[in-house]
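Comments concern the structure below.
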Amino acid sequence: MNDASRKQFCLRPVRRSAVWIAAALTAALLSVPAAQAQIDDCPSWRQCLASFDYDNDGHQDLLAVRKSDGNLLFYAGRGDGTYQRGISRGADWGRMDIVMAGDLTGDGNSDLLGRDNRTGYLYTYPGDGGGDFSPRITVGSGWNSISLFTSGSDFNYDGRIDIYAVGRADGKLYLYRGLGNGRFAARDLFDDTHRGWSTVNTLTTLGILDPQGGWVDVTALDGQYGLYGVYSTGTDFFQDDPEAWLRFWPDAAEDRYRQVSGVGDVDGDSVVDLAGIDSRTNELVLNSFNENGSALHAPEVVAATWGGVNRLPSTVTDRTYDFDADSFADVVARNAVTGEVRIFEGDGMGTWGRGASRGDFSDMNLMETAGDFNGDGFSDLITRTSASGALYLYPGVGVGGLGTRVQIGTGWNSMSAIVSGQDFNVDGKVDVVAREKSTGDLWLYPGDGNGALRPRVKIGSGWNTLREITAVGDLDHNGHPDILAIHRSDGCLYFFSGKGTGGVKNPVKVGCGWEGMDALAAVGDMNLDNHIDFISRRKSDGVLLLYRGTGAVSFRPAVALDSGWNGNDLIA
């Protein structure tokens with residue numbers, strides 16, 4: 001298969017049987033002898049993979065960030081598929097994305113990569129061989145322009161551990177060649193076929209499924225099409241034809257995993273394993289696969305309630321406001337005259353395409369983006385009926401559409417504000433926060449991860465003095481979702497930092513002059529700088545404004561996005 005005959009690929013594989021995929025992959029391996037020769041150049045197949053043995057006891061270990069306090073936790077592996085109790089290796093990791101990387105510095109110890117999401121700097125944390133780390137090495141700045149990155153393998157077979165990374169704005173895959181000293185060379189474009197990587201939620205390194213010929217460079221959890229293994233020659237992919245990419249997990253299971261991470265051979269059976277967090281149960285499970293992508297066994301539960309406690313060592317794309325799963329934030333709006341709802345699909349540059357109509361919502365008096373409320377991997381919408389106050393969930397389907405609505409509550413006309421889309425009590429599941437009209441009390445309704453609500457908990461009082469209450473996301477990069485609201489008396493905007501226990505801290509004034517603004521809405525990272533943004537509408541002329549976050553309790557000057565939005569009465 002020469003360059004002239006290569007097909008462009010995008011990460012949207014046609015679903016095929018495991019037998020067909022295995023046959024296609026076998027044919028691909030036979031047709032690329034040069035790639036096979038590169039694999040054979042490895043002194044042993046294990047030497048071409050990173051070790052995650054941070055304490056040098058012969059067992060693969062695991063690192064994670066604890067959500068409640070931002071501590072980095074070290075879990076020593078036992079070699080039987082389980083881990084010892086986590087030990088803290090330092091605080092202030094809540095704003096960091098971490099990736100287990102193997103030996104980046106050439107000293108024989110396993111290292112860690114960490115990106116500071118507030119500053120955009122990437123660091124190498126050299127392992128000390130005892131499960132802890134030496135002072136960090138600065139890799140470089142500007143890494144907030146990267147959406148996903150993974151390490152843990154010698155991707156180009158030059159004897160050093162490398163990085164694969166996906167551009168946040170262009171959706172292209174880049175290779176950063178390791179230098180063997182904890183740093184990396186300037187990036188090379190590895191794949192640029194029509195933004196094929198922009199639909200990927202998580203990118204991680206799995207390793208070799210079949211030491212005799214089945215080399216899997218990376219595993220991609222795609223927001224639309226599930227989990228796939230991707231083979232490579234070190235300079236290009238074996239299969240440019242996406243129909244031959246190796247697909248993991250059956251249809252019924254693949255949407256259950258919001259996070260996945262390659263963890264090496266944890267259980268000592270000479271097969272590399274993939275850890276995942278089950279979005280319905282929050283369990284940490286271990287998966288092993290045959291060379292054709294079929295499961296060696298049912299997912300083995302390693303730990304309960306993991307998803308509500310820790311983050312795995314892998315980067316994840318925020319899809320809270322991304323209804324078409326293309327990595328760009330979308331906006332939902334209802335026409336005030338016709339009641340028609342449209343999802344305006346973002347392009348990452350602050351503009352939207354006019355999405356198709358999603359139906360007549362004229363009987364609704366509230367509409368709120370809800371993130372992945374039912375745990376199926378897609379962004380959802382919550383609405384309330386005007387007459388009865390019934391609360392409905394419209395499940396997203398991942399391509400910009402909405403599924404059949406499901407009633408999730410009654411009597412919600414007693415609430416004067418309802419927001420969702422965030423996990424306020426740090427249990428790994430999306431919640432609803434609502435203000436009671438008669439009392440001004442603020443209530444947390446914990447989600448159960450399956451599209452239903454658990455009993456409410458009071459988290460505040462006196463909130464009738466505020467309007468435009470918005471669950472904006474983690475504006476200050478402390479690892480917990482925050483709330484913005486406008487005070488009725490002074491017209492100032494206030495910031496309420498999330499505690500991680502369901503409530504919020506005391507307000508901080510971040511700006512005044514908001515009397516003429518309404519329709520405050522969360523949009524996530526709209527301008528692709530890895531900081532949370534939000535939008536608001538100027539009432540006088542209907543101009544929609546974008547407020548770009550800075551990673552702190554502040555925002556940059558407003559940018560006008562579009563005009564004529566006074567024609568919409570509900571914006572989410």
Test Y392 against V406 for side-chain contact (heavy atoms from CB on, under 4.5 Å), laying out the working first. CA-CA 5 Å; Y392 284 94; V406 178; over 6 Å; no
Tell me, with the steps shown, if I418 and V432 meet side-chain contact (heavy atoms from CB on, under 4.5 Å). CA-CA 7 Å; I418 300 171; V432 169; 3.8 Å; yes
Derivation and outcome, side-chain contact (heavy atoms from CB on, under 4.5 Å), residues D324 and I343: CA-CA 9 Å; D324 56 355; I343 296 178; over 6 Å; no
L72 vs M96, test: side-chain contact (heavy atoms from CB on, under 4.5 Å). Steps then yes/no. CA-CA 10 Å; L72 178 67; M96 305 291 289; over 6 Å; no
Please step through salt bridge (Lys or Arg N to Asp or Glu O under 4.0 Å) for the pair K505 and D476, ending with a clear verdict. CA-CA 13 Å; K505 299 177 183 178; D476 57 357; over 6 Å; no
How far apart are the C-alpha atoms of W306 and Y83, what are their side-chain angles, what is the distance that settles it, and do they pass the ring-ring contact (aromatic ring centres under 6.0 Å, His included) test? CA-CA 13 Å; W306 180 276; Y83 300 96; 7.4 Å; no
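A salt bridge links R454 with D427: the distance from a Lys NZ or Arg NE/NH1/NH2 to an Asp or Glu carboxylate oxygen falls below 4.0 Å. Using a 4.0 Å cut-off between a side-chain N of Lys or Arg and a carboxylate O of Asp or Glu, R548 and D533 do not qualify as a salt bridge. Between D518 and K539 there is no salt bridge, since no side-chain N of the basic residue sits under 4.0 Å from a carboxylate O of the acidic one.
Across I571 and A519, no two heavy atoms sit closer than the pair CD1-CB, 3.9 Å. Contact detail for I535 and L561: the closest heavy-atom pair is CG2-CD1, 4.0 Å. Closest of all the heavy-atom pairs between A471 and F424 is CB-CZ, 3.8 Å. Counting all heavy atoms, side chain and backbone alike, D330 lies closest to F323 at OD2-N, 2.7 Å. Of all heavy-atom pairs between L148 and T315, the closest is CA-OG1, 3.4 Å. Nearest heavy-atom pair, R488 versus R435, reported as atom, atom and distance to 0.1 Å: NH2-NH2, 3.7 Å.
Sorted by first and then second residue, the pairs that involve residues 411-511 and meet disulfide (SG to SG under 2.5 Å), not counting sequence neighbours, are C492-C512.
Evaluation of the side chain to side chain contact (heavy atoms under 4.5 Å, CB included) rule for R118 yields R95, D116, H477 as partners, not counting sequence neighbours.
Remark: D423 CG to D431 CG distance equals 5.0 Å, nearest 0.5 Å. Note that CG of L442 and CD1 of I483 are 5.5 Å apart. Values are rounded to the nearest 0.5 Å. Rounded to the nearest 0.5 Å, atoms OH (Y445) and CD1 (I459) are 10.5 Å apart. Distance check, rounded to the nearest 0.5 Å: CG of L122 to CG of L113 gives 5.5 Å. Note that OH of Y494 is 9.0 Å distant from OG1 of T465, once rounded to the nearest 0.5 Å. Expressed to the nearest 0.5 Å, how far CZ of F361 lies from CG of N365 amounts to 13.0 Å.
In this structure, the side chains of Y394 and V332 stay at 4.5 Å or more apart for every pair of heavy atoms. Side chains of L475 and I532 form a contact here, defined as non-hydrogen atoms less than 4.5 Å apart. The closest side-chain heavy-atom distance from L493 to L520 is below 4.5 Å.
For W565 and F344, the gap between ring centers is short of 6.0 Å. The six-membered or imidazole ring of W93 lies away from that of F133, with a centre-to-centre distance of 6.0 Å or more.
Between the side chains of N450 and D448, not a single donor N or O lies within less than 3.5 Å of an accepting N or O. Inspection of the E368 and S420 side chains reveals no N or O donor paired with an N or O acceptor under 3.5 Å. A donor and an acceptor atom, one from each side chain of T317 and S147, are nowhere located under 3.5 Å apart. In this structure, a donor-acceptor pair under 3.5 Å is absent between the side chains of E340 and T338.
Remark: side-chain polar atoms of N201 are not paired, donor with acceptor, to backbone N or O of V316 under 3.5 angstrom. Of the possible donor and acceptor atoms, none in the side chain of Q422 sits under 3.5 Å from a partner among the backbone N and O of P481.
Remark: R384 is not positioned above the aromatic ring of W412, lacking an NZ or CZ atom under 6.0 angstrom from the ring centre and at most 45 degrees off the axis.
A tilted orientation is assigned to the rings of W514 and Y547, their planes being inclined by 30° to 60°.
Counting non-hydrogen atoms of neighbouring residues, nucleotides and ligands closer than 6.0 angstrom, the OH atom of Y121 reaches no more than 12 such neighbours.
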